[in-house]
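Only one structure is covered here, and it is reproduced in the block below.
Throughout, numbering of the chain's residues begins at 1 and tracks the sequence.
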Amino acid sequence: LLLAVVLAVLAAALIAGTFVTLVTLYSVVMVLPAVRVLVDACAVAAIGLAVLRWLVLGANRRDVEAVRAASTRAAVAVAGGWAALALVVLWLQAAELSDRPPGAVGVGTVVDYLDTVAAGRAALVTAVCAVLFGITALRGWPDELLAVFAVLGLVPLPITGHAATAVLHEVAVLSVATHAVAAAAWVGGLGALVAAGGARRALLVTALPRFSRLAGWCVAALAASGALNALVRLGSPQDLVNTGYGRIIMVKTALLLVLMALGAWIRTKVLPAVVAHRTTRLRAYAAIELVLMAVAFGLAAALTRGVP
């Protein structure tokens with residue numbers, strides 16, 4: 001665990017130094033969306049690690065203990081990178097709003113930004129939750145608390161985007177939060193399960209059926225919240241084809257349909273084989289799913305920056 005803490009600190013320092021260098025070479029407008037995607041990726045990883053601990057309950061005790069130990073080390077490392085990236089987002093957002101080079105942004109500018117802009121406070125909350133997530137994993141506190149900090153770290157940035165200024169504010173915020181958590185649980189859970197199950201296939205017999213049920217609920221939540229988001233954000237059905245925002249929603253919908261079809265194939269063809277301890281191509285199918293999910297997350301980042 002000490003090694004994990006050291007690695008987390010080094011990762012945080014490396015991330016901060018890397019983005020300072022990048023911003024000196026490129027503009028804030030170019031770098032900020034990429035950092036946001038990385039923040040989201042860390043949040044997804046955190047939620048995936050929390051979900052993994054629930055998925056393996058009831059499996060072989062030795063396997064469960066090994067997964068918990070590995071997930072603890074991963075959680076501490078993820079927490080370090082997540083917190084550092086969230087603070088970089090805060091810094092870049094303050095630079096963007098103040099129309100100053102990042103190197104000219106001092107503590108006073110950041111404090112003013114925190115005082116006046118909700119997105120700044122959201123980035124700070126995310127950083128704090130990331131630290132608490134890492135401490136919870138390190139101290140061995142309840143898994144439920146680990147999941148709570150992961151979710152609380154994920155939600156603030158998405159809900160302070162366009163949802164914060166939508167006409168139906170409360171509905172928009174709730175639907176965006178639901179959408180983000182459902183997507184993170186699906187993507188993160190799948191990634192963590194594939195990583196853990198690759199070395200311990202017996203885990204999949206217990207964990208994969210449980211994940212399959214979770215994925216079904218996540219898909220339903222994504223579809224419902226996505227439709228509600230579109231209704232709140234778009235003025236008319238024509239906006240789906242006449243605006244860049246609408247076209248991104250259509251592409252995301254198409255990706256969701258493909259993912260649903262692939263998930264149904266895994267559930268009906270691959271899952272029974274896994275339960276029967278037969279060799280499958282689960283990792284190949286899961287890799288395809290994860291690639292498509294990554295594209296969807298990239299489009300989601302574009303939606304947070306775009307205006308319909």
Throw together a table of side-chain donor-acceptor distances under 3.5 angstrom for residues 259-275, partners on residues two or more places apart or in other chains.
from, atom 1, to, atom 2, distance (Å)
Trp265, NE1, Tyr285, OH, 3.3
Arg267, NE, Ser212, OG, 3.3
Thr268, OG1, Ala264, O, 2.9
Thr268, OG1, Trp265, O, 3.4

In this structure, CG of Asp143 is separated from CZ of Arg68 (nearest 0.5 Å) by 4.0 Å

Between atom CG of Leu154 and atom CD1 of Ile47, what is the distance when rounded to the nearest 0.5 Å? 4.5 Å

With a 4.5 Å limit on heavy-atom distance, are the side chains of Val56 and Thr206 in contact? no

Restricting to non-hydrogen atoms, name the atom on Val39 and the atom on Ala86 that form the minimum distance, rounded to 0.1 Å. CG2-N, 3.9 Å

Find out whether Phe149 and Val131 are in side-chain contact, i.e. whether some heavy atom of one side chain is under 4.5 Å from a heavy atom of the other. no

Knowing that exactly one of Leu92, Leu85, Val89 qualifies, which makes a side-chain contact (heavy atoms from CB on, under 4.5 Å) with Arg36? Val89

Enter the distance from Leu255:CG to Lys252:NZ here, rounded to the nearest 0.5 Å. 9.0 Å

Can you tell me how far CD of Glu96 sits from CH2 of Trp91, rounded to the nearest 0.5 angstrom? 13.0 Å

Is there a side-chain contact between Arg247 and Leu240 (heavy atoms, below 4.5 Å)? no

Judged by atom type as modelled, is there a donor-acceptor pair below 3.5 Å linking the side chain of Arg210 to the main-chain atoms of Trp54? yes

Leu90 side chain reached by Leu114 side chain, heavy atoms, under 4.5 Å: yes

Starting at CG of Leu55, measure out to CG of Leu203 and round the result to the nearest 0.5 Å. 10.0 Å

Residues Ala182 and Ala221: closest non-hydrogen pair is CB-CB, 3.8 Å

For Cys42 and Gly81 the tightest heavy-atom approach is SG-C, 4.2 Å

A side-chain contact here means heavy atoms from C-beta on lying under 4.5 Å apart; do Leu190 and Met293 qualify? yes

Given side chains that start at C-beta, do those of Leu208 and Leu193 come closer than 4.5 Å, heavy atoms only? yes

If you measure from CD1 on Ile249 to CG on Leu256, what distance do you get to the nearest 0.5 Å? 13.0 Å

Heavy atoms, side chains only, cut-off 4.5 Å: are Leu145 and Leu132 in contact? no

Check whether Asp115 reaches the backbone of Val111 with its side chain - one donor and one acceptor, N or O, closer than 3.5 Å. no

Decide yes or no for Trp186 and Trp217: does some side-chain heavy atom of the first lie under 4.5 Å from some side-chain heavy atom of the second? no

For Ala180 and Pro158, the nearest pair of non-hydrogen atoms, with its separation, is CB-CG, 4.3 Å

Between Thr160 and Ala122, which heavy-atom pair has the shortest distance, and what is it? OG1-CB, 3.6 Å

